[in-house]
2 protein chains.
Amino acid sequence: MDPTDWQIVRSTPLFGTMPQEVAVSVIGNQTVTVHRKGEMLFQQGESANSFFVVLDGWVKLYRVTPDGAEAVVGVFRRGETFAEGAMFIGGRYPVSAEVVTSSRLLRIDGQTLRRRIREQPDLALSMLASSSYHLKALVEQIEHIKLLSAPQRIADFLLRLCPVREGGCTIELPYEKALIANRLGMKPESLSRALGKLRPLGVSVDRENVTIVDIALLKQFIESTERGDEGF
Amino acid sequence: MDPTDWQIVRSTPLFGTMPQEVAVSVIGNQTVTVHRKGEMLFQQGESANSFFVVLDGWVKLYRVTPDGAEAVVGVFRRGETFAEGAMFIGGRYPVSAEVVTSSRLLRIDGQTLRRRIREQPDLALSMLASSSYHLKALVEQIEHIKLLSAPQRIADFLLRLCPVREGGCTIELPYEKALIANRLGMKPESLSRALGKLRPLGVSVDRENVTIVDIALLKQFIESTERGDEGF
DNA sequence: TGAGATCCTTAACCGGGGTCAAGGGGGCTA
DNA sequence: TAGCCCCCTTGACCCCGGTTAAGGATCTCA
């Protein structure tokens, strides 16, 4: 945990709002771990004894069905926390977690956390806020799957990666397209085709680099009821 | 709040595990309200000052898009709580809530709750458990939409309504089929068709009454990779 | 008892996206 | 540089479920 790591931890919704000494009391001497692509962190059904802060890299959370199909329910990056909730519901992870790029994680022990919560009730409010943040993200994901077309979902995904709010920009896709596709509830082939449909809207793709001419145009496309192929 | 109401409150994941006096301190003299079908409880974006316990009836939570489309993200019944999380994330409801049958609700004020949490940290752990319960439900919903066909999703929906674990049973659909369809991420027409496809699996429908010959058969169908129309 | 409204079902049609298969291109190792 | 592998794209085909439209059933209310 160097100063940069602290900065990242303090940028999370969970640890960002509490007094410094409370954060220190929780994180104290928790361990930073390094992982390479493909490593499993935990599997759904395992007993949950800790949660994580992403210091660097990307981690995916997903469900697996009896026949092996995967449904990605979230992909987390630097400055995000995940699995805070699992420790409070029967102590079992409801999802599996896998590192999808080389990563550094901060693992926080559940036992000590519970103890701190009892001493520091405000900490509980932060945990609740963080949980609610995840709830909201899931609700939005459900909304998107139910109401948006594939091209619209990708457009939204791209916009969330944009560092700016208007104009144009070039962004780098953070991980494999197959994972992006799964995250958005579609197949890789559909992702390709859907990106193609965004071309008339000023989106060009070259390998993992995506250039967006006009953010406003995409926003409008997402909110429109039209589904992406009118007008040529 | 008569004794029956108390029994319901104490059956929730949230209030079920805490000591009686803590529950009393929170619920104390909170108000029970009566609502008729179609009443709005709150709208997404409104400031969130309270959450609810369903004493009787059904309440739907949903998101609305700019163009008016609805995506139902949850339907709650007697003995369930909802919107606990909203008060902790910027104080705004991320969804809208509407009563879908005549209902009686217990409304719990957020201010007093926060105060109680500071006095009673264990209460925070209960809140976290309850939040996590909702998280898990949303994750499962995403899994289902992404990986199951329409007939499989209804089969799952029916199984969750079954009062027994094996054999057969007859159940009554709790609310309108249009709402069931939306909750499951499909159109009413698809719901009809999908129920039709379950007929060969021992599911017969007569108005709002559904008879299931063999629960095991449906479970198997949900877990099978086949999507429902083979073998006739 | 009948008129209307609401809800549900059925049918025909169509389109988005899944499936299957082939091919291209960049990054490995040798 | 060659060879291989992996990831991605493209195309053809098809099926699930959305769309549209019509008709049937139940409930309400006059």
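By convention in this document, chain letters (A, B, ...) are assigned in the order of the sequence lines, proteins followed by strands, and residues within each chain are numbered from 1. Every value quoted in this text rests on a predicted model; they were computed, and no experiment measured them. All values below were derived from every heavy atom in this structure, side-chain atoms included, with hydrogens, water molecules and symmetry-related copies excluded.
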Select from B/S190 and A/K177 the residue whose nearest nucleotide in DNA chain D is closer to the 5' end of that strand. A/K177
Protein-nucleotide distance ([X], atom [atom1]; [N], atom [atom2]), rounded to Å:
X      : N      : atom1 : atom2 : value
A/L148 : D/dG18 : CG    : C1'   : 15 Å
B/L184 : D/dG18 : CG    : C1'   : 16 Å
B/I154 : C/dT9  : CD1   : P     : 10 Å
A/D206 : C/dG26 : CG    : C1'   : 11 Å
A/R153 : C/dG16 : CZ    : C1'   : 10 Å
A/L191 : C/dG16 : CG    : C1'   : 15 Å
A/K37  : D/dC7  : NZ    : P     : 6 Å
A/N182 : C/dG18 : CG    : P     : 11 Å

Please determine, for the side chain of [X], which listed nucleotide ([options]) has the closest atom?
X      : options               : result
B/S192 : C/dT9, D/dG18, D/dC8  : C/dT9
A/A178 : C/dT10, C/dC7, D/dC8  : D/dC8
B/R193 : C/dC7, D/dT19, C/dG18 : D/dT19

Rounding to 0.5 Å, atoms CE (B/M1) and CG (B/L106) come to a distance of 5.5 Å
Is the centre of the A/F157 ring less than 6.0 Å from the centre of the A/H144 ring? no
Counting only N and O atoms by type, is there a donor-acceptor contact under 3.5 Å from the side chain of A/R10 to the main-chain atoms of A/F15?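 Side chain of A/R10 to backbone of A/F15: a pair is present.
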Okay, side chain of B/Q220, backbone of B/L217: is any donor-acceptor separation there less than 3.5 Å?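 Absent.
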Donor/acceptor link under 3.5 angstrom from [X] side chain onto base of [N]:
X      : N      : value
B/R199 : C/dT9  : no
A/E189 : C/dC20 : yes
A/R207 : C/dG27 : no

Give me each pair satisfying side chain to side chain donor-acceptor pair (under 3.5 Å) with a member in residues 85-98 of chain B, each pair once, sequence neighbours excluded.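 Output for this query is empty, none listed.
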